[in-house]
Amino acid sequence: MTMTWSEQIKTRRHELQLTQTAVASRLGITTNYFARLENTHAHPSSGLQAQIDRTLKDWSDLSPLTVQVDYLRVRFPTNKADHIIKDLCWIDKDFINYKDWGRYGYADQYQLGDITILTSTPTQKLGILLEMHGSGCRQFESMLIAHGMVWEDFLYTCLQEKGIIKRIDFAINDHVGLLAIPELVKKCQNNEYISVMRKYEALASSKLLDDKSEATGDTLYLGSKKSDIYFCIYNKEVEQAQKGVTLNAEQRPIKTRFEVRLFNERAILAVEDFLSHRNLENTVFGIIQRYVRFVDKRTGKARNQWPLNKRWAQFCGKNRAPVQLTLAPELPNVNRQRAWIQTQVAPTLKALFNIDGYQGTLETMQDIKNAKLSPQQEAMIREQTVGVDYLVEQLE
């Protein structure tokens, strides 16, 4: 008797002696959702199904690298904001924050956390712009998982809606320290950097390193930031520490991040290649190797004959486990609002509370209790007090 797909993945998992949690963590989905897939209580998209099949077929020790979609900007030739918000992004307008001003020439915008949908008037002919920064991509991944989908499915739908990819960033997370930024900076300075990208910038403590500086840069840019493609390599571990980010038990620490930033035609071609081959590693590392390589200098040999640096070769794929697109879903957060409170509001409140304590009054607490919230603040409360499962249920 032929096994169903759910039975096949369950059998394969048992053969590998893996827990549901281990497989779900590798895929970037919740254990509960993977269990529902195994028990046929949930049905994945073709993209997610293919990803699960590949993961279980080629299971190996954790790769030192993972890759994520870290920025997305898509323009749609329509003024039907409700369609983009509800039908494409699955967002209930009751939980979205409206602002009567926009950016990039757009008239206004809708926001759910760090997912932004900018709209224009019919006379502007700008259509609608969907923008997700890194945290917005993580938030949107909650919606993808709830619908049994992956990024391939959503990007394909965007193209079906005649969306034009204006920018997409892919972030390669180095979990073990394959990339050492000071070492790469030195190679740039020693002419061991072979690339069609003539320009590089190394930043340390917000100061530009020149050729005589010690190579201690925390951020390295390869290529011009004004071009349609450039790379950014930076110390993610330091950035997270500065922001006070704490990882949960399922999150792997990231030492260094390599971002591939693509704009306009470069972004469109990358997405088309990704959707055509369904292999993001080939797409992303194909771009990297086409534009840059780090080598080891050899006296007496022509520069084009210098061997590829071993650490760089491993980063690009030699003798390491395959890299897959991972999801790290989050619900919308209020980190920016809390940061503003910590620096601007909290000190004043502390002073007022001290004065109330001295005077024996509750005036400050009464002011807070009687404060009137704006529609945007009401929307923020709704967005922070509802789970993604409920958001999805409202659209079914």
- Message: Under 4.0 Å between a side-chain nitrogen and a carboxylate oxygen: does that hold for K10 and E7?
- Response: no
- Message: If hydrophobic clusters are built by linking Ile, Leu, Val, Met, Phe, Trp and Tyr wherever their side-chain heavy atoms come under 4.5 Å apart, do V196 and L262 end up in the same one?
- Response: yes
- Donor-acceptor contact present, side-chain S120 to main-chain G127, <3.5 Å: yes
- Is there a chain of hydrophobic side chains (I, L, V, M, F, W, Y, each step under 4.5 Å between heavy atoms) that links L178 to F285? yes
- Message: One pair to check against side chain to side chain contact (heavy atoms under 4.5 Å, CB included): I172 and I288. What are the steps and the verdict?
- Response: CA-CA 11 Å; I172 303 168; I288 293 172; 3.5 Å; yes
- Task: Over all heavy atoms of both residues, which pair between I181 and I233 is shortest? Give the atoms and the distance, please.
- Result: CD1-O, 3.8 Å
- Yes or no on side chain to side chain contact (heavy atoms under 4.5 Å, CB included) for S276 and T283, after CA distance, side-chain angles and deciding distance? CA-CA 10 Å; S276 175; T283 296; over 6 Å; no
- Task: Evaluate the side-chain proximity of N235 to K255: yes if any heavy-atom separation is below 4.5 Å, no if none is.
- Result: no
- Any side-chain donor paired with an acceptor under 3.5 Å for T19 and T21? no
- Hey, what do you get for CG (N173) to CG (L179), rounding to the nearest 0.5 Å? 11.0 Å
- Item | Qualifying residues under salt bridge (Lys or Arg N to Asp or Glu O under 4.0 Å), relative to R311, sequence neighbours excluded | E183
- Message: Quick check for you: to the nearest 0.5 Å, what is the distance between Y221 atom OH and E259 atom CD?
- Response: 8.5 Å
- salt bridge (Lys or Arg N to Asp or Glu O under 4.0 Å) with R198: which residues, sequence neighbours excluded? none
- Same cluster (ILVMFWY, side-chain, under 4.5 Å), M197 and F258: yes
- Item | hydrophobic_cluster_shared for Y156 and V271, side chain cutoff 4.5 Å | yes
- Residues clustered with W101, ILVMFWY side-chain links under 4.5 angstrom: none
Check: residues 358-368 side-chain donor-acceptor pairs under 3.5 Å, at least two apart:
from, atom 1, to, atom 2, distance (Å)
T361, OG1, D356, OD1, 3.0
T364, OG1, D356, OD2, 2.6

- Got a second to check how far Q51's CD is from L56's CG, nearest 0.5 Å? 10.5 Å
- Does K297 offer a backbone N or O that forms a donor-acceptor pair with the side chain of E192 under 3.5 Å? yes
- Item | Pairs meeting criterion salt bridge (charged side-chain N to carboxylate O under 4.0 Å, His left out) with involvement of residues 42-51, two or more places apart | none
- Message: I'd like to check the side-chain hydrogen bond (donor to acceptor under 3.5 Å, both in side chains) partners of N354; sequence neighbours left out, ordered by chain and number.
- Response: none
- Does some side-chain heavy atom of F140 sit less than 4.5 Å from a side-chain heavy atom of D114? no
Enumerate, atom names and distances included, each donor-acceptor pair closer than 3.5 Å involving a side-chain atom of residues 158-165, sequence neighbours excluded.
from, atom 1, to, atom 2, distance (Å)
E161, OE1, H83, NE2, 3.1
E161, OE2, H83, NE2, 3.2

- Taking all non-hydrogen atoms of both residues into account, name the closest pair between A202 and V185 and its distance. CB-CG2, 3.7 Å
- Task: Would you mind listing the cluster partners of Y104? Hydrophobic ones only (ILVMFWY), side-chain contacts under 4.5 Å, chaining allowed.
- Result: Y71, Y106, L118, L126, L129
- Task: For residues W306 and R298, report the shortest heavy-atom separation together with the two atoms involved.
- Result: NE1-O, 3.2 Å
- Smallest heavy-atom separation, Y291 atom then I229 atom, equals CE1-CD1, 3.6 Å
- Message: I'd like to know if the side chain of Q111 and the backbone of N97 have a donor-acceptor N/O pair within less than 3.5 Å.
- Response: no
- Shortest non-hydrogen contact from I115 toward Q139: N-OE1, 4.1 Å
- Task: Can you label the angle between the H147 ring and the W90 ring as parallel, tilted or perpendicular, going by 30° and 60°?
- Result: parallel
- Query: So, Q68 versus W151: side-chain donor-acceptor pair below 3.5 Å or not?
  - Reply: no
- CG-CZ distance between L280 and F274, expressed to the nearest 0.5 angstrom: 4.5 Å
- Message: Holding to ring-ring contact (aromatic ring centres under 6.0 Å, His included), I want the full list of residues that pass it with Y110, two or more places apart in sequence or in another chain.
- Response: Y98
- Query: What residue pairs, at least two apart or across chains, pass salt bridge (charged side-chain N to carboxylate O under 4.0 Å, His left out) with a residue in residues 268-296?
  - Reply: K187-D296, E281-R320
- Can you tell me how far the SG atom of C232 sits from the CZ atom of R261, to the nearest 0.5 Å? 4.0 Å
- Query: By salt bridge (Lys or Arg N to Asp or Glu O under 4.0 Å), which residues pair with R75, not counting sequence neighbours?
  - Reply: none
- Going from CG on L222 to NZ on K199, what distance comes out if it is rounded to the nearest 0.5 angstrom? 12.0 Å
- Is D70 close to R257 at the side-chain level, that is, under 4.5 Å between some pair of heavy atoms? yes
- In terms of side-chain geometry, is the basic nitrogen of K80 or D82 positioned less than 4.0 Å from the acidic oxygen of its partner? no
- Task: Answer with yes or no whether the hydrophobic clustering places L130 together with L275; edges join I, L, V, M, F, W, Y residues whose side-chain heavy atoms lie under 4.5 Å apart.
- Result: yes
- Which residues satisfy the ring-ring contact (aromatic ring centres under 6.0 Å, His included) test with W312, sequence neighbours excluded? F294, F315
- Are side-chain N/O atoms of H175 and T66 paired as donor and acceptor at under 3.5 Å? yes
- Task: Answer yes or no: is there a donor N or O on one side and an acceptor on the other, between the side chain of R13 and the main chain of E38, under 3.5 Å?
- Result: no
- Query: How close do L112 and I96 get, heavy atom to heavy atom, and via which atoms?
  - Reply: N-CG1, 4.0 Å
